[in-house]
**Student:** 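Questions regarding the structure given below will be posed in turn.
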Amino acid sequence: QVQLVESGGGLVQAGGSLRLSCAASGRTFSSYAMGWFRQHPGKEREFVAAISGSGYTTYYADSVKGRFTISRDNAKNTVYLQMNRLKPEDTAVYYCTTGRRTVPTRIRGDYDYWGQGTQVTVSS
């Protein structure tokens, strides 16, 4: 049984930083891409960042490129999302997800297991 547990969300002022973590279990972690998506109230869940199983390939949404960094530690079965220069529009529930393959994508349907989500709130 695959489980993903996010942590690290919270309230931060605009311009600040947060680091989200996602601990995974129940699957050979390094064999699968990992991703972060977010959902604003009343909107569809949207892609934020993804990383390949090896960690060598990463993708970002244009809205976060240059501010967010995704990384993973396969020895700890954990993926991270470092978020810098946060903006009020980054306020959302952030979800960790594991892909169906080792290659990352931006497509929600290519991910099969999801965490419970963690709230990030950026005040202006």
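Side-chain atoms are counted along with the backbone in the values below, which use heavy atoms only and exclude waters and symmetry mates. Numbering of residues begins at 1 and proceeds along the displayed sequence.
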**Student:** Using only atom types and a distance under 3.5 Å, with no angle test, would you say the side chain of S52 pairs donor to acceptor with the backbone of T57?
**Tutor:**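 Yes: the side chain of S52 pairs with the backbone of T57.
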**Student:** With a distance cut-off below 6.0 Å to the six-membered ring centre and an angular limit of 45° from the axis, does R100 pair with Y32 as a cation-pi contact?
**Tutor:**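 No, cation not above the ring by the 6.0 Å, 45° rule.
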**Student:** Indicate the atoms forming the closest heavy-atom contact of V64 with V48, along with that distance.
**Tutor:**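 The answer is CG2-O, 3.6 Å.
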**Student:** Out of curiosity, T98 OG1 to Q3 CD, how far, rounded to the nearest 0.5 Å?
**Tutor:**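 The CD atom of Q3 is 13.0 Å from OG1 of T98, to the nearest 0.5 Å.
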**Student:** Same cluster or not: are V2 and W36 linked, directly or through other Ile, Leu, Val, Met, Phe, Trp or Tyr residues, by side-chain heavy atoms under 4.5 angstrom apart?
**Tutor:**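 Yes, because V2 and W36 connect within a single hydrophobic cluster, where side-chain heavy atoms sit under 4.5 Å apart.
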**Student:** Once you round to the nearest 0.5 Å, how far does CG of N74 lie from CE of M34?
**Tutor:**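 The CE atom of M34 is 9.5 Å from CG of N74, to the nearest 0.5 Å.
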**Student:** For the pair Q82 (side chain) and T69 (backbone), establish whether a donor and an acceptor sit closer than 3.5 Å, ignoring hydrogens and angles.
**Tutor:**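 Judged by distance alone, no pair lies under 3.5 Å.
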**Student:** Are V12 and V93 connected in the hydrophobic side-chain network, where two residues link if heavy atoms are under 4.5 Å apart?
**Tutor:**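 Unlinked, V12 and V93 end up in two clusters.
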**Student:** Looking only at the aromatic ring of each residue, does the gap between the centers of Y95 and F37 stay below 6.0 angstrom?
**Tutor:**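 No: the rings miss the under 6.0 Å criterion.
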**Student:** Would Y80 end up clustered with L4 when hydrophobic side chains under 4.5 Å apart are linked, directly or stepwise?
**Tutor:**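 Not linked; separate clusters.
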**Student:** Would a 4.5 Å heavy-atom cut-off, applied to side chains only, mark R108 and W114 as touching?
**Tutor:**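 Side chain of R108 against side chain of W114, heavy atoms only: contact under 4.5 Å found.
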**Student:** Between Q119 and T91, is a side chain to side chain contact (heavy atoms under 4.5 Å, CB included) present by the stated rule, with each step listed?
**Tutor:** CA-CA 8 Å; Q119 177 70 47; T91 295; 4.0 Å; yes
**Student:** Between D112 and R101 (salt bridge meaning N to carboxylate O under 4.0 Å), is one present in this structure?
**Tutor:**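 Salt bridge between D112 and R101, a charged N being under 4.0 Å from a carboxylate O: no.
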**Student:** Keeping the roles fixed (side chain from T78, backbone from K76), state whether a donor-acceptor pair exists under 3.5 Å.
**Tutor:**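 Yes.
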**Student:** Which residue in the set L81, T58, L20 passes side-chain contact (heavy atoms from CB on, under 4.5 Å) when paired with F68?
**Tutor:**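 Between F68 and the candidates, side-chain contact (heavy atoms from CB on, under 4.5 Å) is satisfied uniquely by L81.
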**Student:** With distance as the sole test, does R85 use its side chain to make a donor-acceptor pair with the main-chain N or O of A14 at under 3.5 Å?
**Tutor:**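 Side chain of R85 to backbone of A14, a donor-acceptor pair under 3.5 Å: no, none is there.
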**Student:** Could you tell me whether the side chain of S31 reaches within less than 4.5 Å of the side chain of T102, counting heavy atoms only?
**Tutor:**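 Side-chain contact under 4.5 Å: no.
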**Student:** Which distance, rounded to the nearest 0.5 Å, do you find between the CZ of R38 and the CD of E44?
**Tutor:**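 Nearest 0.5 Å value for the CZ-CD distance: 14.5 Å.
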**Student:** Quick check for you: to the nearest 0.5 Å, what is the distance between R106 atom CZ and Y60 atom OH?
**Tutor:**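 Taking CZ in R106 and OH in Y60, the distance rounds to 11.0 Å.
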**Student:** Salt bridge check: are K87 and D90 linked by an N-O gap of less than 4.0 Å?
**Tutor:**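 Looking at D90 together with K87, the answer is no, because their closest N to O distance does not fall below 4.0 Å.
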**Student:** Same cluster or not: are Y113 and F29 linked, directly or through other Ile, Leu, Val, Met, Phe, Trp or Tyr residues, by side-chain heavy atoms under 4.5 angstrom apart?
**Tutor:**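 Yes, because Y113 and F29 connect within a single hydrophobic cluster, where side-chain heavy atoms sit under 4.5 Å apart.
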**Student:** Over all heavy atoms of both residues, which pair between V79 and C96 is shortest? Give the atoms and the distance, please.
**Tutor:**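 Looking at all heavy atoms of both residues, the shortest contact is CG1-SG, 3.8 Å.
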**Student:** As an exercise, state the distance from CE of M83 to CD1 of I70, rounded to the nearest 0.5 Å.
**Tutor:**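 The CD1 atom of I70 is 11.5 Å from CE of M83, to the nearest 0.5 Å.
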**Student:** Out of curiosity, does I51 fall in the hydrophobic cluster containing F47 (side-chain heavy atoms, cut-off under 4.5 Å, transitive links)?
**Tutor:**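 Result: no, two separate clusters.
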**Student:** Taking all non-hydrogen atoms of both residues into account, name the closest pair between A92 and H40 and its distance.
**Tutor:**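 Result for this residue pair: CB-CD2, 3.9 Å.
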**Student:** Drop me the distance from R45's CZ to Y111's OH, to the nearest 0.5 angstrom.
**Tutor:**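 The CZ atom of R45 sits 13.5 Å away from the OH atom of Y111.
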**Student:** Closer than 3.5 angstrom, by distance alone: can the side chain of S54 be matched with the main-chain N or O of Y56 as a donor-acceptor pair?
**Tutor:**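 Between the backbone of Y56 and the side chain of S54 there is a qualifying donor-acceptor contact (under 3.5 Å).
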